[in-house]
Amino acid sequence: MANAIHPEEFGLSKPEPAQLAIETHDLNLWYGTFQALFDVDLMIKRGRITGLIGPSGCGKSTYLRTINRINERLGYVRTTGSIEVMGQNILAPEVELVQVRKQVGMVFQRPNPLPLSIRENVIFGYKIHEPEARRLTRNQRDEIVEKALREVLLWDTVKDRLDSPATALSLEEQQKLCIARLLPVKPSVLLMDEPCSALDPKGTEAVEELIWELRGEYTILIVTHNMAQARRASEECIFMLLGKVVEHSSTDDMFVTPKSQETADYIEGRYG
Amino acid sequence: MFEATEINMRHRRTEVLFRLLFGMMTILLILPVALILGILIYKGAPVLSLDFLLSEPTNGMTAGGIFPALVGTIWLVAVALIASLPVGVAAALYLSEYAPNNWLTRAINLAIINLAGVPSIVHALFGVGAFVLFFKFGTSILAASLTLAIMTLPVVIVSTREAMQAVPQAFREACWNMGATRWQTIRRVVLPNSISGILTGVILEVSRTVGETAPIMFTGAAFFLPFLPQSVFDQTMAMSLHLFVISTQVPNVPEGLPYGVALVLIAMVLSMNAISIAFRMYLRNKKKW
Ligand SMILES: Nc1ncnc2c1ncn2[C@@H]1O[C@H](COP(=O)(O)OP(=O)(O)OP(=O)(O)O)[C@@H](O)[C@H]1O
Ligand SMILES: [Mg+2]
């Protein structure tokens with residue numbers, strides 16, 4: 001607990017458990033014998049956008065991948081500590097991984113729509129998770145698709161070509177689609193791993209805008225290497241270094257008056 | 001300033017030398033194939049006719065056509081295809097999508113590669129022991145085709161797995177992260193995007209057994225049987241064995257006849273290969289990722 005982060009130290013009021021979407025305590029993670037996370041204690045608030053910054057290799061993606069437990073697929077990963085999502089321990093033995101993945105959606109650096117039509121991409125997760133998906137009429141399904149596409153501000157662009165392949169869309173549109181396909185199953189948390197870094201400035205701006213729109217409805221944890229983006233598009237910010245959390249505070253505080261010298265150095269671009 | 005120096009000239013001479021050397025090796029390689037084909041066509045073409053393809057051998061196989069052998073070979077390959085497709089695809093699916101990357105999987109992969117090198121006569125003896133005698137299929141199309149299927153299974157598995165591995169990993173990751181199980185991922189993403197590659201691969205590999213003689217000689221192919229098979233439990237003539245028989249076992253066969261049979265056999269293999277390769281190229285160009 002030596003480097004435990006106490007939010008009140010950074011001027012944040014201590015959050016009530018009910019306000020938390022993600023809570024990790026003493027989270028350690030090893031890839032084989034290499035330790036990638038050290039005693040990570042984080043409390044991520046519901047409905048907020050939290051930015052995760054830090055130099056390459058500091059464990060940002062690793063942290064994200066432990067929240068939906070996708071890391072376990074590798075087979076040589078060992079985790080200790082606790083992870084609670086929406087107040088429930090997701091490492092408990094009775095937890096069904098499929099349910100975790102339903103509650104916790106992931107968006108990747110490279111947009112990865114499936115090689116299906118736009119419509120099929122949006123409804124894919126719904127088909128997996130909702131048993132009544134088979135019984136839906138075409139109209140009901142189209143409604144779900146439309147609602148999700150509207151939520152990501154993509155409906156007007158693609159409404160006339162829902163049956164064309166998703167891989168033919170522009171990268172910006174693909175990334176929006178990748179967000180849209182998570183929404184029909186009503187996830188509580190969206191994890192985004194550098195969601196804009198494959199996009200051009202215009203696409204970046206559009207997707208950032210979208211993420212900002214989604215705030216409140218979903219808890220968003222977003223990794224970025226772009227300081228300007230972290231500053232613009234997040235409400236709270238976490239700075240990690242070599243697998244440890246160095247600082248967690250409101251974004252304004254972090255960028256104006258960073259508590260630690262390391263944070264200041266990183267924000268100023270002095271390393272990483 | 002830009003003139004060639006002594007060292008440039010030397011590099012250029014080496015370049016010419018190696019290009020010549022490699023080119024000659026290639027020609028040396030192609031030459032025998034071209035010769036074989038040329039002689040076959042020259043000597044075999046005069047024998048060919050529709051009647052040759054569609055009539056039975058007569059006069060102790062020294063005259064007439066090859067119809068029963070042609071039909072028999074098609075039976076053998078078709079049944080072998082039907083048998084090896086589901087088994088090969090299931091095994092490849094397991095290895096490509098389910099198997100953990102551990103020593104056992106690596107050992108199995110190694111075994112599969114080595115199995116492809118087992119001589120066909122060994123498969124033939126296995127076929128006799130397993131299908132003809134143990135399962136009591138007798139010498140029949142079924143026994144012969146299953147022997148062929150077992151023989152091609154290693155290459156079928158390898159080509160099927162390659163077709164599946166050609167589906168980008170990112171698609172699988174996307175599915176898993178949405179909570180899809182392995183099977184859902186396979187059914188909705190991996191199979192639909194690899195099935196055409198799988199099919200062409202399997203057809204290609206299995207059709208290569210058209211020319212095999214040893215594995216069918218003891219398990220189902222008949223020396224001389226001028227009737228068409230009625231079911232998979234019948235024996236049948238086959239092109240490859242027929243060619244062997246009239247070339248070595250039957251006296252007084254006119255010179256052109258074996259060449260004609262060989263030409264048809266080669267044409268069967270080549271056209272199957274050509275069709276599946278063309279199909280594969282067509283599909284590859286259609287892919288968009
Ligand atoms: N699958 C893996 N197997 C072994 N080590 C890994 C694996 N993935 C990540 N690591 C190691 O864990 C550490 C943290 O990696 P991670 O990908 O989480 O960093 P990151 O902060 O996301 O970096 P980046 O900004 O470059 O994406 C790195 O040292 C990396 O080499
Ligand atoms: Mg990363």
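A, B, ... follow the sequence lines: proteins, then strands. Residue 1 opens every chain.
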Practice problem: Give, as side chain, backbone, both or neither, the part of A/I70 having an atom under 4.5 angstrom from any heavy atom of chain B. | Solution: side chain
Practice problem: Answer yes or no: is there a side-chain heavy-atom contact under 4.5 Å between B/Q184 and A/V98? | Solution: no
Self-check item: Exceeds 12 heavy-atom contacts within 6.0 angstrom, atom CD of B/E15
Solution: no
Exercise. Please look at A/L182 and chain B and tell me whether the side chain, the backbone, both or neither of the residue comes under 4.5 angstrom of a heavy atom of that chain.
Key: side chain
Quiz prompt | For B/E205, all residues meeting salt bridge (Lys or Arg N to Asp or Glu O under 4.0 Å), sequence neighbours excluded | solution = B/R208
Self-check item: Exercise: identify the closest heavy-atom pair between A/I128 and B/G179
Solution: CG2-O, 3.9 Å
Quiz prompt | Which atoms of A/P113 approach chain B - backbone, side chain, both or neither, heavy atom under 4.5 Å | solution = backbone
Practice problem: Nearest 0.5 Å please: distance from the CD atom of B/E173 over to the CG atom of A/N112. | Solution: 8.5 Å
Quiz item: Does CD in A/E72 sit with more than 12 non-hydrogen atoms of other residues, nucleotides or ligands closer than 6.0 Å?
Solution: yes
Quiz item: In terms of heavy-atom proximity below 4.5 Å to chain B, should A/R73 be classed as side chain, backbone, both, or neither?
Solution: side chain
Exercise. Kindly check if the number of other-residue, nucleotide or ligand heavy atoms within 6.0 Å of NZ (A/K159) is above 12?
Key: yes
Quiz item: Which value, rounded to the nearest 0.5 Å, describes the distance between B/T181 atom OG1 and A/R101 atom CZ?
Solution: 11.0 Å
Quiz item: Can you say whether B/R182 sits under 4.5 Å from chain A via the side chain, the backbone, both, or neither, judging by heavy atoms?
Solution: side chain
Quiz item: From A/L116 CG over to B/F171 CZ, what is the distance, rounded to the nearest 0.5 angstrom?
Solution: 8.5 Å
